[in-house]
Every structure is written in structure tokens, then in C-alpha cells.
Novice: 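The structure that follows is given in the form of C-alpha cells.
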Amino acid sequence: MFIAPVYDLLDEPEVIIVPDRRLYKVPFAALSEKEGAEYLSETHKIRIIPSLTTLKNIQDSPEDYHSNTGALVIGNPKVNWLQSLPAARKEAEMVGQLVGVPPLVEEKATKQAVLERISSVSLIHFAAHGNAERGEIALSPNPCPNSQTALPPKEAYMLTMADVSRVKVRAKLVVLSCCHSGSGEIRAEGVIGIARAFLGSGARSVLVALWAIPDSATEQLMSRFYEHLIEGGSASESLHQAMKWMRKNPLNKISDWASFTLIGDDVRLEFDNQRQDSVRTGKKTPIE
């Protein structure tokens with residue numbers, strides 16, 4: 001229905017899709033020209049944008065607006081009333097090692113710590129629980145009185161759309177490796193949720209998940225995504241290659257890889273040569 005009518009026109013290696021309303025929920029990477037044919041994401045990079053105007057506004061932002069260095073990596077924030085995500089911690093530690101920064105994991109991944117750093121980095125990566133309604137992210141609660149005996153208020157631990165909207169995000173890429181991070185209220189201009197809040201606050205590109213994502217499979221996909229990203233690939237190309245790798249390995253179910261969707265501009269991050277060498281050798285490098 002979607003791909004066959006235009007398949008012969010898809011001469012370029014990348015397809016940019018502007019979905020209408022509920023079509024934002026469609027995993028376009030898993031669609032094909034016809035039944036039994038290869039996935040569209042096998043031959044094309046895929047990117048989603050809310051509108052052509054939004055893309056133009058992102059691309060017209062001043063050259064010096066977005067940060068070129070620094071990363072904020074969050075993994076498995078400790079939220080006592082939510083299930084722990086051991087693979088999310090491993091994912092954050094893996095990403096931290098690849099990009100050369102110590103991740104904020106478990107008790108250290110507080111809302112306060114995140115908000116203090118979120119405006120000064122080029123890359124933001126969350127591996128945590130996401131809210132099914134708007135994709136808002138559960139972080140470790142900020143210290144507060146009676147925190148051991150009572151459930152803290154939502155504003156003490158949830159990173160909300162309002163929180164993101166109040167800060168200036170200068171990241172080129174925000175990775176929301178959280179369940180339902182692409183969720184939100186569906187309106188004429190698209191999905192209004194945490195991902196849109198990051199774009200509206202200044203992020204150039206946001207990688208989201210459309211549904212509840214499997215812990216171990218996500219860790220593997222993210223490992224391949226960042227390996228390509230650090231080697232100089234764009235976010236779109238890196239996601240494309242990571243999905244192809246997943247399909248050729250045991251984690252090849254659609255639910256394992258097709259949830260992830262890149263929204264906004266395509267970006268490349270700047271990593272020094274020492275860090276790229278460390279990816280090849282498996283050695284750690286210091287933070288920039």
C-alpha cells in the first residue's frame with residue numbers, strides 16, 4: 001500500500017518520509033515493496049520528519065549553535081518501584097566506553113544530574129524506562145525528605161516534556177533507547193511527545209523506539225549503531241547498517257530491530273582519531 005506505488009521512483013539511497021497522523025506509528029523500516037520481498041531498509045536509509053518546514057528550520061539553525069564535543073550517557077536509573085534493566089546499564093557502559101565518557105548509571109542517574117549537563121553536549125543517550133503515553137523518561141529520584149518511606153512526586157524523577165522544553169538542547173543527536181520513546185499525542189502535525197520536545201528544544205536529530213523494546217536485542221543494535229557512528233557514518237547510515245546486521249543474526253525478529261526510527265536531520269558526530277583507534281582495539285579513551 002505504501003511502498004509499491006513509489007518503489008520505482010526511489011533512486012536515491014535515502015528516503016525521507018513525512019507521515020500523516022497515525023502513520024507515525026508505522027515501522028517503515030519493516031515494510032517492503034510486496035509480500036516476500038526484501039525490506040525497504042535493506043536497500044534504503046530511512047528518516048522521518050514532522051514536516052518539510054521543521055527540517056528547514058533545523059538545517060537553518062546557526063552553525064555554532066550545536067555542540068561539537070561532549071556526551072551525556074544515562075543507563076538503568078535506579079527507580080525502586082520499577083523493574084531494573086541490567087542490559088540498559090551494560091548498554092550505557094558500552095556507549096560510554098565507545099565515546100569516551102563515564103556514564104551516569106543507577107543511583108547516579110538522577111534527574112538533577114541530567115538537567116545540569118543536558119545543555120552542554122553533542123550527544124545524549126538514554127537507556128532507561130520510558131512512559132507509554134508520551135515517552136517521558138524515569139530517572140533516579142532527586143534526594144528529598146522521606147524518600148525512603150514515601151513515593152517521591154513525579155517531578156522528582158520523571159524527565160518530562162516540560163523539563164526538556166525549558167532547557168536549550170544543543171545536541172546534534174539524542175538517542176532515546178527507551179520503551180515507547182516515540183509515543184505521544186497524535187495531532188495533525190505529528191506525535192507530540194518527549195521526542196518532539198527534544199527537537200523543539202534544539203536537538204538536530206532524535207532516535208526513538210515505537211514500542212516496548214527487548215533489553216538484550218537493543219543492547220546489540222546500539223553496539224553496532226555506535227560502532228558505525230564512531231567510524232564516521234551518519235546517524236541514518238549507522239542505523240541502516242545496524243538493522244542489516246540484526247537481520248543476519250539470531251536477533252532478527254521484527255520486534256528486535258524495526259522499532260527504531262530516526263527523526264529530524266541526518267548528522268555526523270566528531271570523534272578524535274584516538275577514540276576511533278580505541279574502537280578497533282577495544283581500549284578505553286579519556287573524555288574530551
Novice: Please assess L55 against R47 for the test side-chain contact (heavy atoms from CB on, under 4.5 Å), listing each intermediate value before the final yes or no.
Specialist: CA-CA 11 Å; L55 180 61; R47 186 154 45 99; 3.9 Å; yes
Novice: For the residue pair P214 and D256, establish whether any side-chain heavy-atom pair is separated by less than 4.5 Å.
Specialist: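 Touching, per the 4.5 Å side-chain cut-off.
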Novice: Quick check against the 3.5 Å criterion: does S181 have a side-chain atom that pairs as donor or acceptor with the backbone of A209?
Specialist: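 Answer holds: yes.
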Novice: Can you see whether Q241 engages E237 through a side-chain donor-acceptor pair at a distance of less than 3.5 angstrom?
Specialist: yes
Novice: What pairs with E185 under salt bridge (charged side-chain N to carboxylate O under 4.0 Å, His left out), at least two apart in sequence or on another chain?
Specialist: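 So E185 forms a salt bridge (charged side-chain N to carboxylate O under 4.0 Å, His left out) with R187.
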Novice: Working to the nearest 0.5 angstrom, can you tell me the gap between K154 NZ and N131 CG?
Specialist: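 Nearest 0.5 Å value for the NZ-CG distance: 6.5 Å.
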Novice: Any sub-3.5 Å donor-acceptor pair from S140's side-chain atoms to P77's backbone N or O?
Specialist: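 No, the answer is negative, given that no donor and acceptor are paired below the 3.5 Å cut-off.
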Novice: Please check if the number of heavy atoms outside E133 that lie under 6.0 Å from its CD is greater than 12.
Specialist: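 No, because the 6.0 Å sphere around CD of E133 holds 12 heavy atoms or fewer from other groups.
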Novice: What is the minimum heavy-atom distance between V169 and I124, and which atoms define it?
Specialist: CG1-CD1, 4.1 Å
Novice: Look at the side chain of S205 and the backbone N and O of D266, then say whether any donor-acceptor pair between them is shorter than 3.5 Å.
Specialist: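 No, because the side chain of S205 does not come within donor-acceptor range (under 3.5 Å) of the backbone of D266.
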Novice: With side chain to side chain donor-acceptor pair (under 3.5 Å) as the test, would you mind laying out the steps for N76 and K90 before giving the verdict?
Specialist: CA-CA 9 Å; N76 191 29; K90 289 174 62 180; over 6 Å; no
Novice: Test salt bridge (Lys or Arg N to Asp or Glu O under 4.0 Å) on R247 and E38; report intermediate values, then the result.
Specialist: CA-CA 11 Å; R247 288 193 291 268; E38 62 187 3; over 6 Å; no
Novice: Please list all pairs passing the ring pair (Phe, Tyr, Trp, His ring centres under 6.0 Å) test where one or both residues lie in residues 153-197, with sequence neighbours left out.
Specialist: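 The answer is W81-Y157.
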Novice: Is the backbone of L221 close enough, under 3.5 Å, to the side chain of W245 for a donor and an acceptor to pair up by distance?
Specialist: no
Novice: Nearest 0.5 Å, what's the CD1-CD distance between I49 and Q59?
Specialist: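 One finds 8.5 Å between CD1 of I49 and CD of Q59.
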Novice: Does L269 belong to the same Ile/Leu/Val/Met/Phe/Trp/Tyr cluster as V95, with side-chain heavy atoms less than 4.5 Å apart forming each link?
Specialist: yes
Novice: For a 4.5 angstrom cut-off between non-hydrogen side-chain atoms, does N68 reach K172?
Specialist: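 Answer yes - side chains close enough.
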Novice: Could you check whether any side-chain heavy atom of N57 comes within less than 4.5 Å of a side-chain heavy atom of T53, counting everything from C-beta outward?
Specialist: yes
Novice: Say whether, by atom type as modelled, one donor and one acceptor occur between the side chain of S201 and the main chain of V164 under 3.5 angstrom.
Specialist: yes
Novice: Tell me which one of N142, L139, L104 satisfies side chain to side chain contact (heavy atoms under 4.5 Å, CB included) with T110.
Specialist: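 Of N142, L139, L104, side chain to side chain contact (heavy atoms under 4.5 Å, CB included) with T110 is met by N142 alone.
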Novice: Say whether, by atom type as modelled, one donor and one acceptor occur between the side chain of N249 and the main chain of L251 under 3.5 angstrom.
Specialist: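 No, because the side chain of N249 does not come within donor-acceptor range (under 3.5 Å) of the backbone of L251.
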Novice: Would you please test F28 and V15 for side-chain contact (heavy atoms from CB on, under 4.5 Å) and show each step?
Specialist: CA-CA 10 Å; F28 287 96; V15 179; over 6 Å; no
Novice: For E91 and T218, does a side-chain donor sit closer than 3.5 Å to a side-chain acceptor?
Specialist: no
Novice: Please determine whether the number of non-hydrogen atoms from other residues, nucleotides or ligands lying under 6.0 Å from atom NZ of K244 exceeds 12.
Specialist: yes
Novice: Quick one: pull up CG in L176 and CG in L159 and give me the separation to the nearest 0.5 Å.
Specialist: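 These two atoms lie 9.0 Å from each other.
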Novice: Got M161 and I192 here, is their nearest side-chain heavy-atom distance under 4.5 Å?
Specialist: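 Touching, per the 4.5 Å side-chain cut-off.
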Novice: Under 3.5 Å, is there a donor-acceptor pair linking the side chains of E14 and H240?
Specialist: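 Looking only at side-chain atoms, H240 and E14 do not form any donor-acceptor pair under 3.5 Å.
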Novice: Taking atom NZ of K111 as the centre, report whether more than 12 heavy atoms of other residues, nucleotides or ligands fall under 6.0 Å from it.
Specialist: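 Atom NZ in K111 is crowded, with more than 12 foreign heavy atoms closer than 6.0 Å.
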Novice: Tell me whether W211 is reachable from V191 by hopping between hydrophobic residues (I, L, V, M, F, W, Y) whose side-chain heavy atoms are closer than 4.5 Å.
Specialist: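 Hydrophobic grouping puts V191 apart from W211.
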Novice: Which atoms form the tightest heavy-atom contact between L72 and I118, and what is the distance?
Specialist: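 Nearest heavy atoms, L72 then I118: CD2-CA, 3.9 Å.
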Novice: For Y39 and M243, run side-chain contact (heavy atoms from CB on, under 4.5 Å): C-alpha distance rounded to whole Å, both residues' side-chain angles, the deciding distance at 0.1 Å, then the answer.
Specialist: CA-CA 11 Å; Y39 297 110; M243 286 184 171; over 6 Å; no
Novice: Would you say H66's side chain and L173's backbone share a donor-acceptor pair under 3.5 angstrom?
Specialist: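 Checking the backbone N and O of L173 against the side chain of H66, no donor-acceptor pair under 3.5 Å is found.
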Novice: Check whether any side-chain heavy atom of F2 sits under 4.5 Å from a side-chain heavy atom of L23, and report yes or no.
Specialist: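 Side chain of F2 against side chain of L23, heavy atoms only: contact under 4.5 Å found.
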Novice: Testing the basics here: between A258 and P27, what is the closest heavy-atom pair and its distance to 0.1 Å?
Specialist: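 Distance-wise, the nearest heavy atoms are O-CB, 3.7 Å.
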Novice: V208 and V175: same hydrophobic cluster, using ILVMFWY side-chain contacts below 4.5 Å?
Specialist: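 Shared cluster, no.
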Novice: Distance from I263 atom CD1 to Y24 atom OH, nearest 0.5 Å?
Specialist: 7.5 Å
Novice: Indicate yes or no for a side-chain donor-acceptor contact from T160 to the backbone of D163 under 3.5 Å, with no hydrogens or angles considered.
Specialist: yes
Novice: Which atom pair, heavy atoms only, marks the closest approach of V99 to A71?
Specialist: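 In terms of heavy atoms, the two residues are closest at CG2-CB, 4.1 Å.
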Novice: Got P86 and D215 here, is their nearest side-chain heavy-atom distance under 4.5 Å?
Specialist: yes
Novice: Measuring from atom CZ of R204 to atom OG of S122, what distance do you get when rounded to the nearest 0.5 angstrom?
Specialist: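 Separation between the atoms: 10.5 Å.
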Novice: Any donor and acceptor pair, going by atom type alone, linking the side chain of H129 with main-chain N or O of Q83 inside 3.5 Å?
Specialist: yes
Novice: Please lay out, stage by stage, how F225 and L207 fare under the test side-chain contact (heavy atoms from CB on, under 4.5 Å).
Specialist: CA-CA 11 Å; F225 172 75; L207 181 59; 4.0 Å; yes
Novice: Taking all atoms of both residues into account, what is the closest heavy-atom pair of P103 and G96, and its distance?
Specialist: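 What the structure gives for the nearest pair is CD-CA, 4.5 Å.
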Novice: Any sub-3.5 Å donor-acceptor pair from R170's side-chain atoms to Y65's backbone N or O?
Specialist: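 Between the backbone of Y65 and the side chain of R170 there is a qualifying donor-acceptor contact (under 3.5 Å).
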Novice: To the nearest 0.5 angstrom, please state how far the OG atom of S238 sits from the CE atom of M222.
Specialist: 11.0 Å
Novice: Do L229 and L239 belong to the same hydrophobic cluster, where Ile, Leu, Val, Met, Phe, Trp and Tyr are linked whenever their side-chain heavy atoms lie under 4.5 Å apart, directly or via other members?
Specialist: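 Yes: a chain of side-chain contacts under 4.5 Å links L229 to L239.
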Novice: Please give me the minimum heavy-atom distance between A128 and I137, naming the atom from each residue.
Specialist: CB-CG2, 3.9 Å
Novice: Does the plane of the ring in F126 sit parallel, tilted or perpendicular to the ring in F198? Use 30° and 60° as the thresholds.
Specialist: tilted
Novice: Going hydrophobic residue to hydrophobic residue with side-chain gaps under 4.5 angstrom, can you get from L262 over to V267?
Specialist: yes
Novice: I'd like to know whether NZ of K25 has more than 12 heavy-atom contacts from other residues, nucleotides or ligands below 6.0 angstrom.
Specialist: yes
